[in-house]
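Here is the structure we will look at, set down as structure tokens.
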Amino acid sequence: MFVAKILLVCAAVALVSGNPQGFGAPRELTGDDLEQSRANLESSLTKLAAGSGPYYRVSRILSASTQVVTGTLNRYKVELIDTNNETKVCDVEIWSRTWLPNGIEVTFDCPNEAKEVRNHSA
């Protein structure tokens, strides 16, 4: 009975003091976190462009979130500039599993185009 009360108190404390979005839930990025996330996105785009592509530059990040999964999953709605200097709004996901070889998986989902998935090393 005593153990059940302790567990109940611990659960209540965790709920009151914990992350209001829940454990493992996506978190919107703002301020310095958004700037760091932009740098990570640009780094991934540079690494992919040095290989087989795709070849994009960031124009503007419309929204960004991060989520702890098996690794880290960053999601972006972003304006990308392609090699023809045309801008398009795409959903980009960067799933970082740095302990794996080529453990950074980047997924591009742009309107009227096939979803594209590329990997690169950390």
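For the numbers below, each heavy atom of this structure counts, side chains included, while hydrogens, waters and symmetry mates do not.
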Counting only pairs under 3.5 Å, give me each side-chain donor-acceptor contact of residues 96-108, with atom names and distances, residues two or more places apart or in other chains.
residue, atom, partner, partner atom, Å
Asn102, OD1, Ser121, N, 3.2

Next item on the list: Following the transitive rule for hydrophobic clusters with a side-chain heavy-atom cut-off under 4.5 Å over Ile, Leu, Val, Met, Phe, Trp and Tyr, establish whether Leu34 and Leu80 coincide in one cluster.
Entry: yes
Next item on the list: Would you mind telling me which of Asp91, Asp109, Val92 makes a side chain to side chain contact (heavy atoms under 4.5 Å, CB included) with Lys77?
Entry: Asp91
Item checked: Asp32 versus Gln36, side-chain donor and acceptor atoms under 3.5 Å -> no
Notebook entry, point to check: Just by distance, with hydrogens left out, do Ser37 and Tyr76 show a side-chain donor and acceptor under 3.5 Å apart?
Noted result: yes
Item checked: Between OG on residue Ser65 and CZ on residue Arg27, distance to nearest 0.5 Å -> 9.5 Å
Checklist line | Audit row: Val78, Val58, side chain to side chain contact (heavy atoms under 4.5 Å, CB included) steps and yes/no | finding: CA-CA 7 Å; Val78 61; Val58 175; 3.9 Å; yes
Check: Is the side chain of Lys47 donor-acceptor paired with the backbone N or O of Ala122 at a distance under 3.5 Å, no angle test?
Finding: yes
Check: Which atom names give the shortest non-hydrogen contact between Ala64 and Ile61, and what distance separates them?
Finding: CB-CG2, 4.1 Å
Next item on the list: Apply side chain to side chain contact (heavy atoms under 4.5 Å, CB included) to the pair His120 and Leu48, showing each step before the final yes or no.
Entry: CA-CA 7 Å; His120 67 79; Leu48 293 173; 4.0 Å; yes
Next item on the list: Taking all non-hydrogen atoms of both residues into account, name the closest pair between Arg60 and Arg38 and its distance.
Entry: CA-NH1, 4.3 Å
Notebook entry, point to check: Should Leu41 and Asn74 count as side-chain neighbours, where that means a heavy-atom distance under 4.5 Å?
Noted result: no
Next item on the list: Decide side chain to side chain contact (heavy atoms under 4.5 Å, CB included) for Gln67 and Thr72; before the verdict, give the C-alpha distance in whole Å, the side-chain angles of both, and the deciding distance to 0.1 Å.
Entry: CA-CA 6 Å; Gln67 181 176 7; Thr72 303; over 6 Å; no
Margin query: Is the shortest side-chain heavy-atom distance between Tyr56 and Ser44 below 4.5 Å?
Written below: no
Next item on the list: Look at the side chain of Ser43 and the backbone N and O of Ala39, then say whether any donor-acceptor pair between them is shorter than 3.5 Å.
Entry: no
Note to self: Looking at Asn112, I'd like to know if its CG atom is crowded, meaning that more than 12 non-hydrogen atoms belonging to other residues, nucleotides or ligands lie closer than 6.0 Å.
What the structure shows: no
Margin query: With rounding to the nearest 0.5 angstrom, report the CD1 to CG distance, Ile94 to Asn40.
Written below: 7.0 Å
Item checked: Heavy-atom side-chain proximity of Ile81 to Lys88 below 4.5 angstrom -> no
Notebook entry, point to check: Side chains of Arg118 and Pro54: does their closest heavy-atom pair fall under 4.5 Å?
Noted result: yes
Next item on the list: Kindly indicate whether the side chain of Leu62, heavy atoms from C-beta on, has any atom under 4.5 Å from the side chain of Glu79.
Entry: yes
Item checked: Short N-O contact, Arg57 and Asp82, less than 4.0 angstrom -> no
